[in-house]
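These numbers come from a predicted model, not from an experiment.
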Amino acid sequence: MKRTHYCGSLRKENTGQKVVLEGWVNRRRDLGGLIFIDLRDREGLVQVVVDPDSPAYAAADAARGEYVLRVSGIVRERPAEQINEQLASGEIEVVAESLEILNEAETPPFAIDASWRGEEDPAERVSEDLRLKYRYLDLRRRGMLDRLRLRHRVIKAIWDFLHAEGFIQVETPFLTRSTPEGARDFLVPSRLEPGKFYALPQSPQLFKQMLMVAGVDRYFQIARCFRDEDLRADRQPDFTQLDMEMSFVDQEDIWELNERLVAHVFKEALGVELPLPFPRLPYSEAMERYGADKPDTRFGLELRPADELFASSGFNAFKSVLESGGVVRGLLAPASLSRKQLAALEETAKRHGAKGLAWVKIGPDGLSGPLAKFLEEAALRGWGAVDGQTALFVADRWNVALEALGQVRLALADMLNVERSGWNFLWVVDFPLLEWDSDQELWTYMHHPFTSPYEEDIPLLDSDPGKVRARAYDLVLNGSEVGGGSIRIHRIELQKKMFQVLGIPAEEAEEKFGFFLEALRYGAPPHGGIAWGLDRFLALMSDAGSIRDVIPFPKTQSGRDPLTNAPAPVSEEQLAELHLKIVE
RNA sequence: GGCCCCGUGGUGUAGUUGGUUAACACACCCGCCUGUCACGUGGGAGAUCGCGGGUUCGAGUCCCGUCGGGGCCGCCA
């Protein structure tokens, strides 16, 4: 007797059919004579009725929650007054003729049945640690299963689209050398070569570039990547990228193709139509308007320059910042903020590097607050302020002032419950190629050292490196960076120049990625690409609180897996084989 | 490396200014009940309050440490 249907797939049309179902007991209701069992599989629930004189009765009587059953019976239409409109299969029920307990189950450590009845799921409030320890039960919950299936649909849509566009999927190795992404590597000791190590890839970056040298022309991969850094709600040590690379293209080609890909994915996986093209926002403008290189453009509250307001004011704290080359930026909160709110916002500003958050309120009776005596009401109104608002200011170095105020902007939106809905994709483009590392006193790459500058900016590499724009871009969705890429350097001379600017000696470059530099010498085509943070993408698509919710078996903030208890000690024998010794 | 929050039956919570039988809901077990669908109903079992130490006549409650979980900064695209 094989299964004939999924429980959740039965409908009125199946009335009269003899069916065999296999699934889990979602809920059992014993009325003393009649027994009802809501049988569950991945497609949903169906009510099974067991009559006292049925041969199925004894087993139904013994069944408990999460027992695994095989039921055969007849689909029967329910009388009008017994239709359950909460249930997709609510117009029918299955009258059991036989019922077999395929396996018993212990009572689960947390409730997993409610989500299938369309109610608020109490498991959403169960500690995540417990859910991870019993992840196989957690994944029985409808919400979690839905996310697994969303992930499947998204990856399927990516494959379909890129295949149709002429891309070739290529797998690159897990056991490899360190790639220059700048994060800490996970290392794997070599048994055959004592004292040497593989590194797990932080991204397939160099391999995909070498695939371009190979003439693959259009490559993609759903690539697992590994970075040994501290975890966050949106960061796991192993995570998944959609990685792609194209030859003979410029930025516009990559943006255009990725926009169509995103639109295809949203259409296929969510049924959502996205308007194309996505806005393209230069980095400097994103910073000036939103104080972020990943702006949430679903709401306004834009930042604005306030240098002039303070240039001639008596507010010395700001004046001195301006005189030493800093900037003042402001933000108009559309509310008269309380002391408590202002304190919270200042806390946010400080946490992100600002010295403080200055504020002034404007109203029919003029200005009030600490800045009131330093500012002219007319000047502030000329700046844009109207009655009932609170103007917030930060003065600091350009990027510090903007980043801090950008965070204040986000906190303010939360505080005021600003409406944030929709799917706001955009490209942040024209990133600086280099950024000054004040700790090490040298220029360092913002993306990675293989990122190409704009041709016309190359002369600036010597004269004013900070002004060089990279042909690099990020894909941003609702304030999250969901992808990043660049046109790569394909000529060895420019690559050498880059290492020189970065202060990386030729010998060191040769030692670290000589194999790759060599590849550039053999006719590397112009090329570029992008990688999507697939987990972040999915978390946003499914409104998950963290990427852990879209990763089947994620790790906790301390990098542990409560299910397997990894990482774990290994035997002395294993260590010896790998030529390793633990040093306390 | 740093800042902040949390830790009470299986689960989620409550627990006065420290006061002795640690409460409630759901789940679980047993009985009754033939149309329920969050079934109903009667009964029952189950936590020494993450762990260790301290203060106190007395600690779930206060203090210190530690472990675990979470958010963030640093770090990381």
Side-chain angles (χ1 to χ4, degrees), chain A residues 26-38 45-54 57 64-66 76 78-79 81-87 89-90 93 95 106-134 137 181-185 202-203 205 225-237 239 241 293-294 347-348 350-353 403-404 407 411 428 431 439 445-448 451 472-476 480-486 530-533 536 545-546 548 555-558 560 562:
Chain A
N26 195 67
R27 199 89 179 185
R28 175 176 164 279
R29 291 178 295 280
D30 182 350
L31 303 206
L34 272 184
I35 294 175
F36 294 100
I37 290 174
D38 292 337
L45 300 182
V46 70
Q47 172 165 282
V48 174
V49 198
V50 188
D51 217 54
D53 46 20
S54 161
Y57 191 79
R64 292 292 182 273
E66 300 308 314
R76 180 168 73 189
R78 288 153 80 149
E81 69 276 12
Q82 284 171 16
I83 286 173
N84 183 344
E85 292 180 0
Q86 316 298 332
L87 223 54
S89 65
E93 62 191 0
V95 184
E106 293 190 12
T107 304
F110 53 89
I112 56 189
D113 58 309
S115 61
W116 291 94
R117 288 183 253 121
E119 297 161 37
E120 192 188 339
D121 185 355
E124 290 291 336
R125 282 180 288 125
V126 170
S127 89
E128 196 179 358
D129 197 34
L130 189 70
R131 288 173 45 209
L132 291 181
K133 182 172 179 189
Y134 297 95
L137 298 180
E181 290 290 320
R184 191 178 296 115
D185 284 316
Q202 295 180 30
S203 88
Q205 182 64 32
C225 304
F226 306 87
R227 292 176 188 170
D228 188 7
E229 296 291 347
D230 287 358
L231 292 82
R232 288 284 192 285
D234 62 353
R235 274 160 37 185
Q236 283 275 305
F239 62 101
Q241 289 185 171
D293 60 3
K294 46 182 167 62
E347 175 64 31
T348 299
K350 282 182 169 171
R351 188 160 5 101
H352 289 89
E403 278 171 29
Q407 294 292 333
V428 175
F431 277 84
D439 288 344
Y445 48 85
M446 207 156 165
H447 188 60
H448 56 55
T451 302
Y473 34 84
D474 279 355
L475 180 61
V476 174
S480 288
E481 181 202 328
V482 293
S486 64
I530 191 169
W532 296 11
R536 285 184 190 175
S546 87
R548 293 186 297 272
K555 290 167 186 61
T556 67
Q557 196 169 62
S558 57
R560 282 183 355 97

Practice task
Return the 5'-most residue of the pair Gln557(A), Phe431(A) with respect to RNA chain B, ranking by each residue's nearest nucleotide.
Solution key: Gln557(A)
Problem - Pairwise P distance, rU55(B) and rA14(B) [rounded to whole Å] - result: 31 Å
Practice task
Could you measure between the two P atoms, the one in rC49(B) and the one in rA23(B), and give it in whole Å?
Solution key: 15 Å
Practice task
Give the nucleotide from the list rC72(B), rA77(B), rC75(B) with an atom nearest to the side chain of Arg235(A).
Solution key: rC75(B)
Problem - Separation of the P atoms in rU8(B) and rG15(B), to the nearest angstrom - result: 14 Å
Exercise for the section: May I ask you to say what Arg131(A) touches in the nucleic acid, namely base, sugar-phosphate or nothing, with a heavy-atom cut-off under 4.0 Å? Expected result: nothing
Problem - Sequence-aligned protein contact record of nucleotides 30-38 of chain B, with B where the base is within under 4.0 Å of a protein heavy atom and S where only the sugar-phosphate is - result: S--BBBBBS
Fill in the blank from the handout: Heavy-atom nearest pair, Gln557(A) first then Leu231(A), reads O-CD1, 3.4 Å
Fill in the blank from the handout: Closest non-hydrogen atoms of Arg131(A) and Val126(A), given as atom of the first, atom of the second and distance, are CD-O, 3.9 Å
Exercise for the section: Mind listing the closest non-hydrogen atom pair of Asp113(A) and Arg27(A) along with its distance? Expected result: OD2-NH1, 2.7 Å
Handout entry: For Gln241(A) against Ser203(A), the heavy-atom pair lying closest together
Key = NE2-CB, 3.9 Å
Practice task
Please report the closest heavy-atom contact between Leu45(A) and Leu87(A), naming both atoms and the distance.
Solution key: CD1-CD1, 3.8 Å
Exercise for the section: To the nearest 0.5 angstrom, please state how far the CD atom of Glu347(A) sits from the CD atom of Gln407(A). Expected result: 12.5 Å
Problem - Complement of rC32(B), any strand, by Watson-Crick or G-U distances under 3.5 angstrom - result: rG40(B)
Problem - Inter-nucleotide P distance (rC51(B), rU11(B)), Å rounded - result: 14 Å
Exercise for the section: Give the minimum heavy-atom separation between Ala111(A) and Pro122(A), together with the two atoms involved. Expected result: CB-CG, 4.3 Å
Problem - OP1 or OP2 of rA77(B) under 4.0 Å from side-chain N/O of His448(A) - result: no
Problem - Distance, P atom - from rC6(B) to rG50(B), rounded to whole angstrom - result: 13 Å
Handout entry: Note, Tyr445(A) side chain near Thr451(A) side chain (heavy atom, < 4.5 Å)
Key = no
Practice task
Please state how far atom CG in Asp474(A) lies from atom P in rC76(B), giving the value in whole angstrom units.
Solution key: 16 Å
Exercise for the section: Can you tell me, in whole Å, how much space there is between the C1' of rC39(B) and that of rG35(B)? Expected result: 10 Å
Interface polar pairs with nucleotides 66-68 of chain B, N/O, under 3.5 angstrom:
none

Problem - Watson-Crick or G-U wobble mate for rG68(B), both contacts under 3.5 Å - result: rC6(B)
Can you name the atoms? Protein N/O to nucleotides 9-13 of chain B N/O, anything below 3.5 Å, with the distance.
from: rG10(B); atom 1: O2'; to: Pro109(A); atom 2: O; distance (Å): 2.8
from: rU11(B); atom 1: O4'; to: Pro109(A); atom 2: O; distance (Å): 3.4
from: rG12(B); atom 1: OP1; to: Ser127(A); atom 2: N; distance (Å): 3.0
from: rG12(B); atom 1: O2'; to: Arg125(A); atom 2: NH1; distance (Å): 3.0

Exercise for the section: Determine the interatomic distance between C1' on rG9(B) and the same-named atom on rG46(B); round to the nearest Å. Expected result: 6 Å
Handout entry: Most 5' of Gly483(A) and Lys555(A) on RNA chain B, judged by nearest nucleotide
Key = Lys555(A)
Handout entry: Under 4.0 angstrom between Arg232(A) side-chain N/O and rC73(B) OP1 or OP2
Key = yes
Exercise for the section: Check whether any side-chain heavy atom of Phe239(A) lies under 4.5 Å from a side-chain heavy atom of Arg227(A), and answer yes or no. Expected result: yes
Handout entry: Pair Arg235(A) + Asp230(A), salt bridge at N-O below 4.0 Å
Key = no
Practice task
For nucleotides rU56(B) and rG18(B), find the distance between their C1' atoms and express it as a whole number of Å.
Solution key: 9 Å
